[in-house]
Number of protein chains: 2
Amino acid sequence: MDKAEQLDRISEQLQAAGYKLTAQRSATVAVILDHAQAHLSAEQIFMATKEVVPEIGLATVYRTLEMLTELHVLNKVRFIEDGMTHYDLCETDHDHHFHHHLLCLQCGAIEEIHTDLLPAVEQQVHDDYTFAVLYHRLTFHGI
Amino acid sequence: MDKAEQLDRISEQLQAAGYKLTAQRSATVAVILDHAQAHLSAEQIFMATKEVVPEIGLATVYRTLEMLTELHVLNKVRFIEDGMTHYDLCETDHDHHFHHHLLCLQCGAIEEIHTDLLPAVEQQVHDDYTFAVLYHRLTFHGI
DNA sequence: TTAGGTGCAAATCTTTTGCAGAAAG
DNA sequence: CTTTCTGCAAAAGATTTGCACCTAA
């Protein structure tokens with residue numbers, strides 16, 4: 001699935017949910033798709049979107065990001081290392097289970113793993129702690 | 001190891017690192033030990049410490065918390081659910097590998113698991129991604 | 001005695017909100 | 001047309017910092 005296709009799909013999702021399709025929203029989504037693996041912060045998304053729609057305001061970006069999060073298009077992520085929220089694209093399907101982070105303590109780079117490493121572990125948690133795991137969040141710190 | 005003993009140990013660590021042992025710092029550490037499993041926020045630690053040392057200021061608590069984090073007495077944790085940093089005690093030994101969270105999406109309760117579930121997974125990450133895992137951060141969300 | 005610590009208030013930083021004008025459906 | 005969006009500026013909430021006064025060692 002290429003970017004244009006994804007953009008269309010997300011646009012449809014927006015409209016299906018009763019939201020209007022504005023230039024600001026399309027541009028914001030396009031920026032996010034352009035940096036799919038980059039875990040941008042709101043500020044970074046704002047800056048990049050401004051290149052395309054110069055009159056956009058930061059508040060609009062925050063509102064769009066919030067909206068996309070509610071629609072499960074985006075995931076919010078917070079690393080202790082910096083004070084802000086980062087956003088990353090939910091891979092359409094079972095993202096909740098197939099997505100972890102590698103964070104380099106030396107260069108700050110963030111990479112993703114899309115292999116599910118934890119099914120056995122989740123089963124164990126379920127059995128030992130009477131806890132229904134809906135999703136998990138896993139970050140490895142290292143070099 | 002009981003609380004008094006832990007407090008002594010941490011006090012020694014502070015002094016060994018060249019910090020002075022003040023009433024505010026002892027009281028703050030005591031509060032943290034009293035709520036060892038509670039993942040308190042700075043504000044909560046401040047409130048509780050104020051009961052013992054009423055003249056303490058929030059800024060001092062933040063400074064102490066920062067200091068304890070640098071000394072690896074505490075760990076900072078951020079959940080997407082609320083905007084603030086929570087602090088939890090590093091279990092003296094190999095906390096980095098033996099500590100995960102269960103977060104209940106219904107009642108908001110946070111529990112800890114002290115079993116290391118991931119050694120096999122870390123090995124795999126190391127092999128597949130040329131990545132030296134120093135520590136990881138894992139939260140399960142569910143009911 | 002003196003370097004480091006403290007409380008307070010002001011500053012900062014990220015995110016949210018109120019509102020009057022603009023635009024999508 | 002009408003409901004939803006938008007940009008701006010102001011507000012809010014968490015954390016940090018500057019400074020003059022304390023205090024542990």
Side-chain angles (χ1 to χ4, degrees), chain A residues 8 10-31 39-71 74-87, chain B residues 7-8 10-29 31 39-71 74-87:
Chain A
D8 284 354
I10 295 171
S11 301
E12 274 165 42
Q13 257 186 281
L14 286 194
Q15 292 182 301
Y19 294 114
K20 291 180 179 174
L21 193 53
T22 67
Q24 290 88 331
R25 287 175 183 170
S26 304
T28 303
V29 173
V31 162
H39 298 281
L40 300 179
S41 65
E43 190 76 32
Q44 293 173 308
I45 294 171
F46 170 58
M47 303 283 240
T49 307
K50 225 180 155 87
E51 313 256 296
V52 184
V53 184
E55 73 275 18
I56 198 172
L58 180 54
T60 300
V61 172
Y62 272 107
R63 284 184 281 234
T64 303
L65 258 19
E66 203 51 55
M67 193 187 80
L68 293 171
T69 303
E70 255 149 46
L71 292 177
L74 296 182
N75 252 174
K76 288 186 182 184
V77 191
R78 307 187 79 140
F79 304 104
I80 5 71
E81 290 60 33
D82 83 355
M84 41 200 165
T85 303
H86 294 252
Y87 297 83
Chain B
L7 202 155
D8 284 354
I10 295 171
S11 300
E12 275 166 41
Q13 256 186 282
L14 286 194
Q15 292 182 303
Y19 293 114
K20 291 179 180 175
L21 191 53
T22 67
Q24 289 87 332
R25 286 175 183 170
S26 305
T28 304
V29 173
V31 162
H39 299 280
L40 300 179
S41 65
E43 191 76 33
Q44 293 173 307
I45 295 171
F46 170 58
M47 303 284 240
T49 308
K50 225 179 156 90
E51 312 256 294
V52 183
V53 185
E55 74 275 19
I56 198 172
L58 181 54
T60 300
V61 171
Y62 272 107
R63 283 185 281 233
T64 302
L65 258 18
E66 204 49 55
M67 195 187 78
L68 292 170
T69 303
E70 255 149 45
L71 292 177
L74 295 182
N75 251 174
K76 288 185 183 185
V77 190
R78 306 186 81 142
F79 303 103
I80 3 73
E81 291 60 32
D82 83 355
M84 43 201 164
T85 303
H86 294 252
Y87 297 83

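Numbered from 1 within each chain, the chains take letters A, B, ... in sequence-line order.
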Asker: Among C:dG5, D:dG7, C:dT15, which is the nearest nucleotide to the side chain of A:Y62?
Answerer: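 Among the listed nucleotides, the one closest to the side chain of A:Y62 is C:dT15.
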Asker: Taking for each residue the nucleotide of DNA chain D with the nearest heavy atom, is it B:Q15 or A:T22 whose nucleotide lies nearer the 5' end?
Answerer: A:T22
Asker: Calculate the interatomic distance between B:E70 atom CD and D:dT16 atom C1'; express it in whole Å.
Answerer: 14 Å
Asker: Out of D:dA24, D:dG7, D:dC5, which nucleotide sits closest to the side chain of A:K20?
Answerer: D:dC5
Asker: Take atom CG of A:L58 and atom C1' of D:dA9, then tell me their distance rounded to the nearest Å.
Answerer: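 Rounding to the nearest Å, CG of A:L58 and C1' of D:dA9 are 12 Å apart.
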Asker: Compare the minimum distances between each of D:dT15, C:dT16, D:dT16 and the side chain of B:A42, then state the nucleotide with the smallest one.
Answerer: D:dT15
Asker: Which nucleotide in the list C:dT14, C:dG5, D:dG7 gets nearest to the side chain of A:M84?
Answerer: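 Among the listed nucleotides, the one closest to the side chain of A:M84 is C:dT14.
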Asker: C:dA24 phosphate, OP1 or OP2: any side-chain N/O from A:R25 under 4.0 angstrom?
Answerer: no
Asker: What do the steps show when you test A:E51 against A:V31 for side chain to side chain contact (heavy atoms under 4.5 Å, CB included), and what is the final call?
Answerer: CA-CA 10 Å; A:E51 313 256 296; A:V31 162; over 6 Å; no
Asker: Should B:S41 be listed as having a side-chain N or O under 4.0 Å from OP1 or OP2 of D:dA14?
Answerer: no
Asker: Rounded to the Å, how far apart are B:I80 CD1 and C:dT14 C1'?
Answerer: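 Those two atoms, CD1 and C1', are 17 Å apart.
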Asker: Could you tell me how far apart A:K76 (NZ) and C:dT16 (P) are, to the nearest whole angstrom?
Answerer: 6 Å
Asker: Side chain to side chain contact (heavy atoms under 4.5 Å, CB included), that's the test. Do B:K76 and B:E66 meet it? Break it down for me.
Answerer: CA-CA 9 Å; B:K76 288 185 183 185; B:E66 204 49 55; 3.0 Å; yes
Asker: Whole Å only: how far is the CG atom of A:L40 from the C1' atom of C:dT15?
Answerer: 17 Å
Asker: Mapping B:T60 and A:L21 to their closest nucleotides on DNA chain C, which lands nearer the 5' end?
Answerer: B:T60
Asker: Could you state the CZ-C1' distance from B:R78 to D:dG13, rounded to the nearest angstrom?
Answerer: 12 Å
Asker: Using whole Å, what does the distance between atom P of nucleotide C:dT14 and atom CG of B:D82 come to?
Answerer: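 From B:D82 CG to C:dT14 P: 18 Å.
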Asker: May I ask you to verify whether the side chain of B:R63 and the base of C:dG4 hold a donor-acceptor pair under 3.5 Å?
Answerer: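 Absent.
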Asker: To the nearest angstrom, how far is A:L65 atom CG from C:dT15 atom P?
Answerer: 9 Å
Asker: Which nucleotide wins on minimum distance to the side chain of B:Q24, given the candidates C:dT6, D:dG7, D:dA14?
Answerer: C:dT6
Asker: A side-chain contact here means heavy atoms from C-beta on lying under 4.5 Å apart; do A:R63 and A:R25 qualify?
Answerer: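 A:R63 does not reach A:R25 side chain to side chain.
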Asker: Would a distance-only check, ignoring hydrogens and angles, find a side-chain to backbone donor-acceptor pair under 3.5 Å from A:H86 to A:H39?
Answerer: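 Side chain of A:H86 to backbone of A:H39, a donor-acceptor pair under 3.5 Å: yes, one is there.
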Asker: Test side chain to side chain contact (heavy atoms under 4.5 Å, CB included) on B:V53 and B:T28; report intermediate values, then the result.
Answerer: CA-CA 9 Å; B:V53 185; B:T28 304; over 6 Å; no
